[in-house]
Q: 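Starting off with a structure, shown below.
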Number of protein chains: 2
Amino acid sequence: MKSRVSAYDVARKAGVSQSTVSRVLNNFPHIKEGTKKKVLAAIEELGFTRDEIARSLAEKKTRTIGLIIGDITNPFFAESAGVIMGKAAELEYDVIICNTNHQDDNLEKSIKMLIGKRVDGIIIAAVNRYSKKIKELYEAQFPVVLYNSSIEGNHANFIVLDNEKGAYIAVKHLVELGHRNIAYISGPSKFLTLHQRDIGYKKALGEYGIPYNQRLIYDREFSYREIYQFAYKLLCSKDKPTSFFVTSDQMALAILDAAANHNLEVPKDVSVIGFDDINISSNQYIGLTTISQKKETMASLALEKLLLLIEGKGSISMPIQVVLEPKLIIRKTTGRAN
Amino acid sequence: MKSRVSAYDVARKAGVSQSTVSRVLNNFPHIKEGTKKKVLAAIEELGFTRDEIARSLAEKKTRTIGLIIGDITNPFFAESAGVIMGKAAELEYDVIICNTNHQDDNLEKSIKMLIGKRVDGIIIAAVNRYSKKIKELYEAQFPVVLYNSSIEGNHANFIVLDNEKGAYIAVKHLVELGHRNIAYISGPSKFLTLHQRDIGYKKALGEYGIPYNQRLIYDREFSYREIYQFAYKLLCSKDKPTSFFVTSDQMALAILDAAANHNLEVPKDVSVIGFDDINISSNQYIGLTTISQKKETMASLALEKLLLLIEGKGSISMPIQVVLEPKLIIRKTTGRAN
DNA sequence: TAATTAATTGAATCCGCATTCAATATAACA
DNA sequence: TGTTATATTGAATGCGGATTCAATTAATTA
């Protein structure tokens with residue numbers, strides 16, 4: 001590759017100093033029209049593009065944010081990332097995405113990497129509620145906004161849904177359809193959002209006098225295969241559930257998969273309600289009943305708040321914490337219990 | 001935010017020079033064990049992390065690659081990105097993803113941005129076959145690998161499927177099921193992959209003596225809504241197609257959506273075959289028949305080849321061009337025409 | 001033991017741009 | 001017309017590491 005052309009090259013060609021080139025690049029006032037024109041011409045002729053790395057080093061900001069997600073393969077994350085990237089692009093920010101595959105050590109690794117890359121701030125969409133690291137960053141006043149997740153204590157900025165309520169209305173919906181045998185498919189409760197949904201699930205059961213049955217609960221790692229198998233086995237059992245409340249649409253699809261392989265009809269034989277409202281859920285071929293997480297709102301808010309923090313408009317004593325309302329979206333995967 | 005600690009700080013604390021710190025950081029040989037230990041201790045104590053921006057500037061490489069995709073919301077891209085990011089992470093490379101929303105000017109903008117950020121190379125997964133820019137980059141020997149796309153002429157490195165054949169076997173599958181009224185849902189033929197599929201579609205029709213009918217063709221912009229409406233209208237028409245060949249699973253889902261809203265049964269009333277084999281297609285609740293694009297293989301290859309180019313193991317006279325075999329995967333959305 | 005060779009380490013530079021400091025040239029003002 | 005404020009630039013320096021050059025010291029070899 002031919003070596004790049006630098007601002008010095010431009011300066012030489014235009015017969016000015018590098019400082020001047022820098023000035024026209026940054027649109028400073030007080031540049032003689034003729035000078036500016038010469039520089040612009042040289043830039044054009046040489047095909048110069050500013051080295052953002054050098055600029056970042058000099059300016060101490062990178063105009064880049066980090067986005068840590070659990071799994072880009074899960075449409076909830078992909079779609080959220082899409083919104084964030086779109087907004088970021090409008091604001092001339094670039095984003096580096098990291099996939100943790102929901103593993104704590106990957107989270108730490110990603111954070112370290114992003115900090116090494118000197119990103120201006122980070123949006124984290126999947127964090128263990130006991131994470132020390134997040135609290136540390138918060139205390140060091142490094143701009144971080146948690147997206148659809150949070151940690152114990154009050155040491156973080158976050159945008160979340162009222163997860164307890166979301167779970168509650170989901171289960172309530174099933175109960176009102178006559179279901180009493182409600183499986184609950186979630187994930188590790190080390191994720192605060194899930195922990196809160198556990199509470200909502202239990203609360204709804206309690207309110208309707210339905211006993212909590214560990215047999216119907218999945219709360220291990222996120223794994224399509226494992227969840228699929230768990231559901232498959234459950235559907236083989238003699239006292240099989242008539243419905244499933246699943247804490248993500250992605251996993252709800254796994255339940256539908258298992259049901260289909262059992263030749264069970266949805267919702268006649270089994271009802272399924274998810275959580276997230278990913279794009280495909282509204283596809284009427286699927287029509288997944290779910291709890292909506294307004295991704296556009298959440299994602300925009302997250303980015304907006306992060307930028308505020310980056311600009312220094314934040315205070316440790318006053319974390320940014322937004323809790324949105326969940327909404328039940330009834331489609332065709334839930335129906336009366338038979 | 002408290003100011004960062006630099007290698008100088010570490011050096012001072014350890015009582016050595018910054019050069020030495022740099023050396024232990026980079027694991028140079030010939031460092032006295034004691035010195036190394038002192039430095040490491042200082043690093044630990046100060047919580048130092050190297051400034052990758054500064055390192056990039058000095059080294060003239062960023063250990064970062066760019067990935068330009070058409071739409072992160074389309075699982076084909078998201079899943080491909082997942083594979084690439086995973087592999088990249090293993091090799092200690094970071095990736096900056098750009099979404100073009102399939103717009104040419106966004107492609108140019110993204111490339112410019114990535115080059116500004118001095119990425120070591122770029123994988124591009126959505127490019128207009130007439131793109132001048134790609135050719136320029138190729139000629140300037142900037143490391144670029146096209147993923148699932150290519151351009152006219154021979155001036156690019158790419159990993160693609162045999163798209164013509166893919167389309168051909170898809171249509172053949174439908175014809176063999178008795179379909180003669182086959183709608184073809186694609187996108188702008190300015191994408192070479194799609195153009196090739198057009199050819200495959202026509203070739204199969206021709207071979208079976210089925211007339212090409214413009215009324216059954218969608219070849220405008222990618223838009224879920226538009227495609228949905230096109231299919232919906234087509235399904236209303238009196239001489240409606242008995243089957244659809246769609247050039248992406250994502251869009252095939254839109255057809256299923258439209259069919260469902262028409263209360264049409266799949267595959268009894270209408271057959272649908274997609275292209276890509278995204279994860280959800282194998283979900284038996286959906287069971288989309290499709291043409292497989294081995295994402296893992298393609299993505300791994302793309303990254304692998306890109307790294308080769310980055311390491312300077314490439315030559316302009318010998319572009320890297322890999323063409324993979326498509327494979328028909330029959331599931332439940334295709335059946336005999338009635 | 002003297003001559004080499006290898007091991008260690010620091011000083012100085014460079015990467016490419018932003019920015020401060022100071023100088024020069026103009027324009028506005030008393 | 002002498003001053004003072006304003007417009008325009010360039011030289012020099014810094015950002016935080018990597019690396020080259022040279023110096024110093026320890027290990028080997030003749």
Side-chain angles (χ1 to χ4, degrees), chain A residues 1-40 42-43 46-64 92 112-113 115-120, chain B residues 1-40 42-43 46-64 92 112-113 115-120:
Chain A
M1 251 197 57
K2 59 188 178 210
S3 93
R4 300 181 179 296
V5 356
S6 76
Y8 284 99
D9 302 324
V10 173
R12 193 175 325 121
K13 164 140 281 177
V16 300
S17 75
Q18 178 263 325
S19 324
T20 299
V21 173
S22 177
R23 291 199 180 91
V24 343
L25 238 34
N26 293 299
N27 252 302
F28 268 51
H30 311 321
I31 305 176
K32 210 186 276 177
E33 203 45 50
T35 312
K36 189 170 192 167
K37 221 180 312 192
K38 274 190 302 181
V39 173
L40 256 17
I43 287 178
L46 264 40
F48 165 83
T49 38
R50 160 163 56 192
D51 186 325
E52 296 292 339
I53 292 292
R55 167 144 94 139
S56 295
L57 183 60
E59 272 197 313
K60 290 167 154 253
K61 46 183 168 164
T62 54
R63 288 180 178 69
T64 304
E92 310 252 300
K112 191 164 176 192
M113 185 279 268
I115 298 226
K117 286 254 176 201
R118 296 298 185 257
V119 295
D120 296 338
Chain B
M1 249 196 61
K2 60 188 178 209
S3 94
R4 301 180 178 293
V5 357
S6 76
Y8 285 97
D9 302 324
V10 173
R12 194 174 324 122
K13 163 139 281 174
V16 300
S17 74
Q18 179 263 324
S19 326
T20 299
V21 174
S22 178
R23 290 198 180 93
V24 343
L25 239 33
N26 292 300
N27 250 302
F28 269 52
H30 312 320
I31 306 178
K32 207 186 280 177
E33 204 45 50
T35 312
K36 190 170 191 169
K37 218 176 321 184
K38 274 190 301 180
V39 172
L40 256 18
I43 287 178
L46 265 38
F48 165 84
T49 38
R50 160 163 58 192
D51 186 324
E52 296 292 338
I53 292 291
R55 167 145 91 141
S56 294
L57 181 61
E59 271 198 313
K60 289 167 158 254
K61 46 184 167 163
T62 54
R63 289 180 177 69
T64 303
E92 310 251 301
K112 189 162 179 197
M113 185 278 270
I115 298 225
K117 286 256 178 202
R118 296 301 185 255
V119 295
D120 296 338

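Keep in mind that this is a model prediction, so the values were computed, not measured. Letters go in sequence order (proteins before strands), and every chain restarts at 1.
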Q: What do you reckon, is NZ of A:K13 surrounded by more than 12 foreign heavy atoms closer than 6.0 Å?
A: no
Q: For A:S56 and A:I53: C-alpha separation, side-chain torsions, deciding distance, then whether side-chain contact (heavy atoms from CB on, under 4.5 Å) applies.
A: CA-CA 5 Å; A:S56 295; A:I53 292 292; 5.7 Å; no
Q: Please confirm whether the shortest side-chain N or O distance from B:R50 to OP1 or OP2 of D:dG17 is below 4.0 Å.
A: no
Q: Which nucleotide in the list D:dA12, C:dG10, D:dG14 gets nearest to the side chain of A:A58?
A: D:dG14
Q: Measure from CG on B:L25 to P on C:dT9 and round the result to the nearest Å.
A: 15 Å
Q: With DNA chain D as reference, determine whether A:A54 or B:T20 sits nearer its 5' end, using the nearest nucleotide of each.
A: A:A54
Q: Counting only side-chain nitrogens and oxygens, does A:S22 get under 4.0 Å of the OP1 or OP2 atom of C:dC17?
A: no
Q: Let's see if you can work this out: which of D:dG10, D:dC15, C:dC17 has an atom nearest to the side-chain heavy atoms of A:L57?
A: D:dC15
Q: Any donor-acceptor pair under 3.5 Å joining the side chain of A:R23 to the base of D:dG10?
A: yes
Q: What's the CD-P distance between A:E59 and C:dC17, to the nearest Å?
A: 12 Å
Q: Nearest 0.5 Å, please: how far is CG in B:D9 from CD in B:Q18?
A: 11.0 Å
Q: Would you kindly compare B:I53 and B:S19 by the position of their nearest DNA chain D nucleotide and give the one closer to the 5′ end?
A: B:I53
Q: Establish, with yes or no, whether the OP1 or OP2 oxygen of D:dT9 is under 4.0 angstrom from a side-chain nitrogen or oxygen of A:T35.
A: yes
Q: Report the distance from atom CD of A:Q18 to atom P of C:dG16, rounded to the nearest whole Å.
A: 11 Å
Q: Tell me which one of A:V16, A:L40, A:V21, A:V24 satisfies side-chain contact (heavy atoms from CB on, under 4.5 Å) with A:T35.
A: A:V16
Q: What is the distance, rounded to the nearest whole Å, between atom CZ of A:R4 and atom C1' of C:dG16?
A: 11 Å
Q: With respect to the phosphate group of C:dG16, does any side-chain polar atom (N or O) of B:K60 fall under 4.0 Å of OP1 or OP2?
A: yes
Q: Please report, rounded to the nearest Å, how far the P atom of C:dA7 is from the CD1 atom of B:I31.
A: 13 Å
Q: Rounded to whole Å, please give me the gap between CZ in B:F28 and C1' in D:dT19.
A: 7 Å
Q: Round to a whole Å and report the spacing from NZ of B:K61 to P of C:dG16.
A: 15 Å
Q: Roughly how far, to the nearest 0.5 Å, is CZ of B:R50 from CZ of B:R4?
A: 14.5 Å
Q: Kindly say if A:S6 contacts the phosphate of C:dG16, meaning a side-chain N or O under 4.0 Å from OP1 or OP2.
A: no
Q: Send over the distance from A:K38 NZ to D:dT9 P, rounded to a whole Å.
A: 8 Å
Q: Tell me what A:V16 touches on the nucleic acid: a base, only sugar-phosphate, or nothing, going by heavy atoms under 4.0 Å.
A: sugar-phosphate
